Amino acid sequence: MKILVTGGAGFIGSHVVRRLVNGYPDHQIYNLDKLTYAGNLENLKDIESKQNYHFVKGDICDEAFIVSLFEENKFDSVVHLAAESHVDRSISGPKAFLQTNILGTANLLDAYRLYGNISVGKFYHISTDEVYGELGETGKFTETTCYKPNSPYSASKASSDHLVRAWHKTFNLPVVISNCSNNYGSNHFPEKLIPLVIKNVIERKPIPVYGEGKNVRDWLFVEDHAAAIDLILHHGRVGETYNIGGENEWQNIEIVKLICRILDEKLNRRIGESSELITFVKDRAGHDFRYAIDASKLKMELGWKPEVTFEEGIEKTIDWYLKNQDWVQRVSSGEYQHYYEQQYSQR
Ligand code: NAD
Ligand code: TYD
């Protein structure tokens, strides 16, 4: 099997590539990534010399390049993760999201339709629960919840989900989609809530909490997501959608306080010292109140369940950031630093 993973140098993609390379030595795993600010080959150092791993630098928006890559390789399956992924960036600059998430997906779908080994494999599109919009205090997203995306990011992901469905219906392309809740774990770019809080606590910088910190997210350990992706790639039913989530809802402020408490202990700080860094800042525009996933379809059909409790996962994650502060420094320099100033200097 020849499998193309897009966005494999990013946060979730690197965990997926590692799992496929290590778990399927007979499969050839191609990682196609543009290496934007969020993509980092350091994330895959441990597997880069494996015989069944191949890195290709390229942009999914470059149609001619994508066509020639598929023509040459005739991939059996595609696991499509490449995307612009940060909601705040989509508010300050939506165009890149429309380009990569919508047009980039269309290029891949068409190249797979024309040159992929569609009688053997499938086009697996990795998406987000944010396409469903926001929930109030109760309820959960199921696979039949109506799409109601609120941010430019989620609207672009919703559009790409629709394209994938359309290529299935119109061209009979074998596709599968999964919509997952918020991930956390190692190699997470420190612009997202959890790694940003860990970084700022370590560096004794203010911790920006949007609004009153009451918004709720359902957090899943990234390796549990990678395990679900592996399962759906190999056993998911063509034409289906699977929701993936951690059944692990937290208000932002509670998660921030938890990280502060754990780091006070690990850094031998006075109890309560890190939480003094919490700073309530202007809310995100259109900020979705709550996300929560009903993952029972995936559990019942394919037998998936999260293996890592939140207690274990957050401890592992914090330990990883403490041990890899040089990684954090490297990815935080340059472009990211400039972006960080733009986002937070006015808040
Ligand atoms: P990320 O931003 O960490 O990584 C994205 C990767 O895509 C990077 O390696 C980047 O270099 C690459 N990329 C971006 N534009 C590209 C282009 N034009 N051509 C080729 N490569 C390009 O994102 P992530 O958090 O790992 O998310 C991966 C996927 O999972 C995305 O599709 C996202 O929508 C989805 N998702 C993420 C979460 C989450 O909590 N992070 C939850 C559910 C779904
Ligand atoms: P984020 O990690 O950006 O993921 P998403 O917006 O895709 O859910 O944000 C998670 C939650 O944390 C969200 O409710 C916004 C909030 N948040 C803050 O309060 N402060 C921050 O600096 C960031 C980045 C996010």
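Predicted model only: the values in this text are computed from it and were never measured. When a ligand or atom number is given, it counts from 1 through the structure's own listing order. Positions are given from 1 along the sequence.
- Annotation for ligand 1: atoms under 4.0 Å from non-hydrogen atoms of Gly58 are 19 (N), 20 (C).
- Using a 4.0 Å cut-off between heavy atoms, Ile60 contacts ligand 1 through both its backbone and its side chain.
- Close contacts of ligand 1 with Asn183, meaning ligand atoms under 4.0 Å from a residue heavy atom, involve 39 (C), 40 (O), 42 (C).
- With salt bridges taken as basic N to acidic carboxylate O contacts below 4.0 Å, one links Arg18 and Asp46.
- Defined by atom type and a distance below 3.5 Å, a donor-acceptor pair is missing between the side-chain atoms of Asn215 and Asn252.
- Relative orientation of the Tyr30 and His54 rings is parallel, given thresholds of 30° and 60° on the angle between their planes.
- We find that Lys50 and Glu48 are not joined by a salt bridge, their nearest charged nitrogen and carboxylate oxygen being 4.0 Å or further apart.
- Only the side chain of Lys157 comes within contact range of ligand 1, with a heavy atom under 4.0 Å; no backbone atom does.
- Contact atoms of ligand 1 toward Asn182: 40 (O) (distance under 4.0 Å to a heavy atom of the residue).
- The nearest protein atom to atom 21 (N) of ligand 1, hydrogens excluded, is given as Lys34 N, 3.1 Å; this is a heavy-atom distance.
- Among all protein heavy atoms, the one lying closest to atom 42 (C) of ligand 1 is Ser181 O, 3.3 Å.
- No N or O atom of Cys61 sits closer than 3.5 Å to an N or O atom of ligand 1.
- When each atom of ligand 1 is checked for a heavy atom of Thr36 under 4.0 Å away, the hits are 10 (C), 11 (O), 14 (C), 15 (N).
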Exercise answer, ligand 2 polar atom pairs (N/O) under 3.5 angstrom:
from: ligand 2; atom 1: 2 (O); to: Leu193; atom 2: N; distance (Å): 2.8
from: ligand 2; atom 1: 3 (O); to: Arg284; atom 2: NH2; distance (Å): 3.0
from: ligand 2; atom 1: 4 (O); to: Asn182; atom 2: ND2; distance (Å): 3.3
from: ligand 2; atom 1: 6 (O); to: Arg284; atom 2: NH1; distance (Å): 2.5
from: ligand 2; atom 1: 6 (O); to: Arg284; atom 2: NH2; distance (Å): 3.3
from: ligand 2; atom 1: 7 (O); to: Glu130; atom 2: OE2; distance (Å): 2.6
from: ligand 2; atom 1: 8 (O); to: Asn182; atom 2: ND2; distance (Å): 2.8
from: ligand 2; atom 1: 8 (O); to: Arg217; atom 2: NE; distance (Å): 2.7
from: ligand 2; atom 1: 12 (O); to: Asn252; atom 2: ND2; distance (Å): 3.3
from: ligand 2; atom 1: 14 (O); to: Arg217; atom 2: NH2; distance (Å): 3.3
from: ligand 2; atom 1: 14 (O); to: Asn252; atom 2: ND2; distance (Å): 2.8
from: ligand 2; atom 1: 14 (O); to: His287; atom 2: NE2; distance (Å): 2.6
from: ligand 2; atom 1: 19 (O); to: Tyr210; atom 2: N; distance (Å): 2.9
from: ligand 2; atom 1: 20 (N); to: Pro208; atom 2: O; distance (Å): 2.8
from: ligand 2; atom 1: 22 (O); to: Pro208; atom 2: O; distance (Å): 3.4
from: ligand 2; atom 1: 22 (O); to: Tyr344; atom 2: OH; distance (Å): 2.8

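- The N/O atoms of Phe11, backbone and side chain alike, include one that comes under 3.5 Å of an N/O atom in ligand 1.
- Atoms of ligand 1 found under 4.0 Å from any heavy atom of Tyr153 (numbered from 1 in listed order, with element): 33 (C), 34 (O).
- Of the protein's non-hydrogen atoms, Gly10 CA, 3.5 Å is the one closest to atom 4 (O) of ligand 1.
- Lys316 and Glu312 are not joined by a salt bridge, as no carboxylate oxygen comes within less than 4.0 angstrom of a charged side-chain nitrogen.
- Here the shortest heavy-atom distance to atom 44 (C) of ligand 1, taken over Cys180, Ser156, Ser127, belongs to Ser127.
- The protein non-hydrogen atom at the shortest distance from atom 5 (C) of ligand 1 is Ala83 O, 3.5 Å.
- A salt bridge does not link Lys157 to Glu130: none of the charged side-chain nitrogens sits closer than 4.0 Å to a carboxylate oxygen.
- Heavy-atom proximity to Ile126, at under 4.0 Å, picks out these atoms of ligand 1: 30 (O), 32 (O).
- With Tyr242 as the aromatic partner, Arg237 does not meet the cation-pi criteria of under 6.0 angstrom to the ring centre and within 45 degrees of the ring axis.
- When the heavy atoms of Thr105, Leu103, Asp59 are ranked by distance to atom 17 (C) of ligand 1, first place goes to Asp59.
- Between Tyr153 and Glu84, the side chains place no donor N or O within less than 3.5 Å of an acceptor N or O (distance only, hydrogens not considered).
- Of the candidates Ile194, Leu35, Leu81, it is Leu81 that places a heavy atom closest to atom 31 (C) of ligand 1.
- The shortest N/O to N/O separation between Asn40 and ligand 1 does not fall below 3.5 Å.
- In the vicinity of Gly39, heavy-atom distances shorter than 4.0 Å reach the ligand 1 atoms 8 (C), 9 (O), 11 (O).
- Tested against Arg290, the residues Glu137, Gln251, Glu249, Glu134 include a single side-chain hydrogen bond (donor to acceptor under 3.5 Å, both in side chains) partner, Glu249.
- In summary, the aromatic rings of Phe189 and Tyr37 are positioned with their centroids under 6.0 Å apart.
- By the 4.0 Å N-to-carboxylate-O rule, Asp33 lies too far from Lys57 to be salt-bridged with it.
- Taking the six-membered ring where the residue is Trp, the centroids of Tyr112 and Phe75 are separated by 6.0 Å or more.
- At a 3.5 angstrom cut-off on N or O pairs, His80 does not count as close to ligand 1.
- When only non-hydrogen protein atoms are considered, atom 38 (C) of ligand 1 lies nearest to Ile12 CD1, 3.5 Å.
- Under 4.0 Å is where a charged nitrogen must lie from a carboxylate oxygen, and between Glu273 and Arg204 at least one such pair does.
- If you number the atoms of ligand 1 from 1 as listed, the ones under 4.0 Å from a heavy atom of Ser85 come out as 1 (P), 2 (O), 23 (O).
- For the pair Gly104 and ligand 1, no heavy-atom separation below 4.0 Å is found.
- With respect to the salt-bridge test (charged N to carboxylate O, under 4.0 angstrom), the residues Lys299 and Glu247 qualify.
- For atom 9 (O) of ligand 1, the nearest non-hydrogen atom of the protein is Asp33 OD2, 2.6 Å.
- Between Tyr115 and Phe70, the ring centre distance reaches or exceeds 6.0 Å.
- Residues Asp230 and Arg19 are paired through a salt bridge, judged by an N-O separation under 4.0 Å between the basic side chain and the carboxylate.
- Here's the thing with Thr128: none of its N/O atoms is less than 3.5 angstrom from an N/O atom of ligand 1.
- Ionic pairing of Glu315 and Lys266 is present here: one or more N-O contacts between side-chain nitrogen and carboxylate oxygen are shorter than 4.0 angstrom.
- Between His188 and Phe11, the ring planes are parallel. Angles under 30° get that label, and only those over 60° would be called perpendicular.
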